[in-house]
Engineer: 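Sharing a structure with you now.
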Amino acid sequence: MSAFLAVTYDDRVELLTDGAIYTADGTLTGIRRKVWPVGNLPIAITGRGNSGVLDAFVAVFRVAAGACATVDDALASMAGVIERRAGKGMPSDVEMVICAISESRGPSLFYFATADMWGAGIEPWTLVEVDSPFYGGPLVDVSDLSARDGLAEVGAEVFSRMRRTPGRNPLNPEMPKLYGIGGHVDHTTVSAAGCTIERIHEWPEDVVGRRIDGLGADKSFGSRFGARVVKSRR
């Protein structure tokens, strides 16, 4: 499952990510940072799905964006990468989120996936701009928490609630729901000055080779998607 939560503010984008890498049955195979800055531009990328496929996309995106002088050009270049790769087959599916300070849009969030893994109706292989807040992970009640001043103070609690909620792994929907959030919580801030990443919480009880013990479930709320297509420049 893993999780991310991204929120735009007037002058920045904030992003929360966990660190769990696991097998289809929820056994941890690794714990790592799952957010990638893009060169000197105010862009950060995260994603969920097959870690090898994610790494490959991140590498191509960073090369494509690194050749651009502006964020808008970088977004268009990444959209072009996605369009050119569509229809060529994938060993496994992924979804990715791009947090950026766009020259034309300001603080913005973008999303693409190689399949409609959640039945949200977003066309696969299309980079879309999505509404804030935007998240992936178990749906939990956070109505008693406020992110008005930022995610750093509430991030550990939000992800702890997600962690206690088993979720479906879209790569293996036939498998039982699993506890898939763990390792740590990283807080990323993307501003005009660039990207900063801070580790704000760790779960030392998570051990590679064992399953995550989420200890229970929580109520589910909310809706996830509102999308607009981002056109590539040819």
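Below, each value reflects all heavy atoms present in this structure, side chains not excepted, and no hydrogens, waters or symmetry copies.
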Engineer: Once rounded to the nearest 0.5 Å, what's the spacing between atom NZ of Lys177 and atom OG1 of Thr165?
Structural biologist: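 The NZ atom of Lys177 sits 9.5 Å away from the OG1 atom of Thr165.
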
Engineer: Report yes or no: does Asp72 contribute a side-chain atom to a donor-acceptor pair with the main-chain N or O of Ser104 at less than 3.5 Å?
Structural biologist: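 Side chain of Asp72 to backbone of Ser104, a donor-acceptor pair under 3.5 Å: yes, one is there.
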
Engineer: Between Ser132 (side chain only) and Val7 (backbone N and O only), is there a donor and an acceptor less than 3.5 Å apart?
Structural biologist: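 Judged by distance alone, no pair lies under 3.5 Å.
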
Engineer: Using a cut-off of 6.0 Å, state whether more than 12 heavy atoms not belonging to Asn40 lie near its atom CG.
Structural biologist: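 Open: at most 12 neighbouring heavy atoms sit under 6.0 Å from CG of Asn40.
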
Engineer: Is it true that Glu83 and Arg85 have a side-chain N and a carboxylate O under 4.0 angstrom from each other?
Structural biologist: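 Between Arg85 and Glu83 there is no salt bridge, as every charged N stays at least 4.0 Å from the carboxylate O atoms.
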
Engineer: Could you tell me whether Glu123 atom CD has more than 12 heavy atoms of other residues or ligands within 6.0 Å of it?
Structural biologist: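 Open: at most 12 neighbouring heavy atoms sit under 6.0 Å from CD of Glu123.
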
Engineer: Could you label the plane-to-plane angle of the Phe61 and Phe112 rings as parallel, tilted or perpendicular, counting under 30° as parallel and over 60° as perpendicular?
Structural biologist: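 The rings of Phe61 and Phe112 stand perpendicular, inter-plane angle above 60°.
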
Engineer: Between Asp186 and Arg33, is there a side-chain N and carboxylate O pair less than 4.0 Å apart?
Structural biologist: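 Not counted as a salt bridge, because no side-chain N and carboxylate O are separated by less than 4.0 Å.
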
Engineer: Should we count CZ of Arg32 as having more than 12 external heavy atoms under 6.0 Å?
Structural biologist: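 Yes.
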
Engineer: Just checking, is any N or O donor in the side chain of Asp25 or Thr23 under 3.5 Å from an acceptor N or O on the other one?
Structural biologist: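 Their side chains do contain a donor-acceptor pair, which is all the 3.5 Å distance test asks for.
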
Engineer: Is there side-chain contact between Phe110 and Leu75, with heavy atoms separated by less than 4.5 Å?
Structural biologist: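 SC-SC contact between Phe110 and Leu75 confirmed.
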
Engineer: Looking only at side-chain N and O atoms, does Tyr111 offer a donor or acceptor that is under 3.5 Å from a partner on Glu95?
Structural biologist: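 Yes.
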
Engineer: Is a salt bridge present between Lys34 and Asp18, judged by a nitrogen-to-oxygen distance below 4.0 Å?
Structural biologist: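 Between Asp18 and Lys34 there is a salt bridge, with a charged N closer than 4.0 Å to a carboxylate O.
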
Engineer: Is the shortest heavy-atom distance from the side chain of Ile122 to the side chain of Val128 under 4.5 Å?
Structural biologist: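 Ile122 vs Val128: side chains touch.
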
Engineer: Taking only Lys NZ, Arg NE, NH1 and NH2, and the carboxylate oxygens of Asp or Glu, determine whether Arg163 and Asp206 approach each other closer than 4.0 Å.
Structural biologist: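 Salt bridge between Arg163 and Asp206, a charged N being under 4.0 Å from a carboxylate O: yes.
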
Engineer: List the residues meeting ring-ring contact (aromatic ring centres under 6.0 Å, His included) with Trp203, not counting sequence neighbours, and say none if there are none.
Structural biologist: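 If we apply the ring-ring contact (aromatic ring centres under 6.0 Å, His included) test to Trp203, skipping adjacent residues, the hits are His201.
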
Engineer: Can you list, pair by pair, the side-chain donor-acceptor contacts under 3.5 Å of residues 147-155, counting residues two or more places apart and other chains?
Structural biologist:
none

Engineer: Does Ser108 use its side chain to pair, donor to acceptor, with the backbone of Gly106 at less than 3.5 Å?
Structural biologist: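 Yes, because the side chain of Ser108 sits within donor-acceptor range (under 3.5 Å) of the backbone of Gly106.
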
